[in-house]
Amino acid sequence: MTDLVPNTPFEGITLALSKGRIFGETVPLLARAGISPLVDPDTSRQLILPTTRADVRLVIVRASDVPTYVERGAADLGVAGLDVLLEHGGAGLHQPVDLCIARCRLMVAVPQGFDYEGAIRRGARLRVATKYAALARAHFAAKGVHVDLIKLYGSMELAPLTGLADAIVDLVSSGNTLRANHLVAVEPIADISSRLVVNGAAWKLQRARLAPLVQIIEQGVIEASKGEPS
Ligand code: PRT
Ligand code: MG
């Protein structure tokens with residue numbers, strides 16, 4: 001088996017993934033390509049995971065760190081939410097495949113009963129808590145709404161409940177988290193899914209090395225969308 005001691009040169013392809021929903025939804029796509037991790041990141045503390053293909057390994061990083069690993073060439077490929085790519089900028093990254101996984105929407109949400117439209121009509125200055133400061137700033141600037149952005153790193157839903165903010169900008173999938181916290185979505189900002197990302201320079205210079213794996217993953221996405229069994 002490939003030696004995975006840190007700093008050991010690895011000649012194969014390195015794919016950066018975050019634990020949790022992206023890992024969970026990417027694994028079945030990779031399995032269609034004959035690639036399965038040999039270690040479960042939920043039970044192991046290992047961050048470099050060998051796979052059933054000796055020439056492919058996975059590295060486990062924070063979701064928001066995937067673009068950095070791929071941009072700087074520490075990983076050849078990565079899987080990142082469009083939210084992360086838009087917020088991060090995505091410069092230097094080629095995005096060949098929409099994996100159509102980890103779908104959700106980036107939304108503006110406010111406490112139930114808060115008159116969002118009225119506040120905007122009155123030209124009120126809104127305090128908006130979010131992890132997505134760049135996306136939120138661009139959204140409200142395009143609407144001509146004045147906002148004080150409050151940068152948070154998680155649990156945005158708590159901000160309006162404690163008086164920290166009037167509104168939040170966050171991802172919504174089932175809507176259960178908003179409901180449980182007496183919040184309501186009032187405005188969509190973007191439809192989100194996860195994308196395969198490739199280092200832009202590597203995509204030009206090492207296309208022959210990377211393209212077969214990208215193609216096989218893309219094929220898996222197409223088959224999955226047709227509901228074909230893996
Ligand atoms: O959690 P951690 O701080 O480690 O990092 P992360 O939140 O960036 O990672 P992770 O694994 O939670 O999310 C990775 C990616 O999954 C995101 O970048 C999105 O592209 C995608 N995704 C899809 C989501 C959701 N759906 C989602 N529902 N990411 C987060 N959520 C959160 C949301 O922020 C809110 O707190 O789930 C809650 C709402 O869910 P519902 O189902 O109650 O509406
Ligand atoms: Mg999370």
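Numbering of ligands and ligand atoms starts at 1, following listing order.
- Closest to atom 33 (C) of ligand 1 among all protein heavy atoms lies L171 O, 3.3 Å.
- Annotation: atom 27 (C) of ligand 1 to nearest protein heavy atom, R21 NH1, 3.3 Å.
- Remark: side-chain polar atoms of T26 are not paired, donor with acceptor, to backbone N or O of V79 under 3.5 angstrom.
- Tested against V197 for a side chain to side chain contact (heavy atoms under 4.5 Å, CB included), the candidates V84, V97, D76, V70 yield a single pass: V70.
- Between the E25 side chain and the A102 main chain, a donor and an acceptor come within less than 3.5 Å of each other.
- In this structure, the side chain of T162 engages the main chain of A159 through a donor-acceptor pair within 3.5 Å.
- Contact atoms of ligand 1 toward N176: 43 (O), 44 (O) (distance under 4.0 Å to a heavy atom of the residue).
- Of all protein heavy atoms, the one closest to atom 15 (C) of ligand 1 is I22 CD1, 3.7 Å.
- Looking only at distances, a side-chain donor or acceptor of R127 sits under 3.5 Å from a matching main-chain atom of G163.
- No donor-acceptor distance shorter than 3.5 angstrom exists from the side chain of N181 to the backbone of L183, with no hydrogens or angles considered.
- Put simply, the residue from V66, L17, L99 that forms a side chain to side chain contact (heavy atoms under 4.5 Å, CB included) with I22 is L17.
- Taking K143 as the reference, E187 meet the salt bridge (Lys or Arg N to Asp or Glu O under 4.0 Å) condition, with sequence neighbours excluded.
- Close contacts of ligand 1 with D170, meaning ligand atoms under 4.0 Å from a residue heavy atom, involve 33 (C), 34 (O), 35 (C), 36 (O).
- Heavy-atom contacts of I192 reach the following atoms of ligand 1: 20 (O) (cutoff under 4.0 Å).
- Evaluation of the side chain to side chain donor-acceptor pair (under 3.5 Å) rule for D191 yields R105 as partners, not counting sequence neighbours.
- For ligand 1, the atoms lying closer than 4.0 Å to a non-hydrogen atom of K131 are 6 (P), 7 (O), 8 (O).
- Side-chain atoms of T43 come within 3.5 Å of backbone N or O of D40 as a donor-acceptor pair.
- The shortest separation from a heavy atom of R179 to ligand 1 is not under 4.0 Å, leaving the residue out of contact.
- Taking atom 9 (O) of ligand 1 as the reference point, the nearest protein heavy-atom neighbour is A63 CB, 3.7 Å.
- The N/O atoms of G175, backbone and side chain alike, include one that comes under 3.5 Å of an N/O atom in ligand 1.
- Taking atom 11 (O) of ligand 1 as the reference point, the nearest protein heavy-atom neighbour is K19 O, 3.7 Å.
- Proximity of M156 to ligand 1 is not established, as no heavy-atom distance is less than 4.0 Å.
- Between K131 and D170 no salt bridge is recorded (no basic side-chain N to carboxylate O distance below 4.0 Å).
- With rounding to the nearest 0.5 angstrom, the CD1 atom of I222 is 10.0 Å from the CD atom of Q215.
- Ligand 1 has an N or O atom lying under 3.5 Å from an N or O atom of S174, backbone or side chain.
- Of the protein's non-hydrogen atoms, D83 OD1, 2.6 Å is the one closest to atom 20 (O) of ligand 1.
- With hydrogens left out, the protein atom closest to atom 28 (N) of ligand 1 is S173 OG, 2.9 Å, a heavy atom.
- In terms of protein heavy atoms, atom 2 (P) of ligand 1 is closest to R62 NH2, 3.8 Å.
- In this structure, T51 contributes its side chain and V56 its backbone to a donor-acceptor pair below 3.5 Å.
- Interface atoms of ligand 1 facing T177, defined by a heavy-atom separation under 4.0 Å, are 38 (C), 39 (C), 40 (O), 41 (P), 43 (O).
- Residue contact annotation: G81 has a non-hydrogen atom under 4.0 Å from ligand 1.
- The contact set between ligand 1 and V172, taken as ligand atoms under 4.0 Å from a residue heavy atom, comprises 44 (O).
- Taking any N or O of Y132, backbone or side chain, none lies under 3.5 Å from an N or O belonging to ligand 1.
- Ligand 1 does not have S64 within reach: every non-hydrogen atom of the residue lies 4.0 Å or more from it.
- Atoms of ligand 1 found under 4.0 Å from any heavy atom of V84, numbered from 1 in the order shown, are 18 (O).
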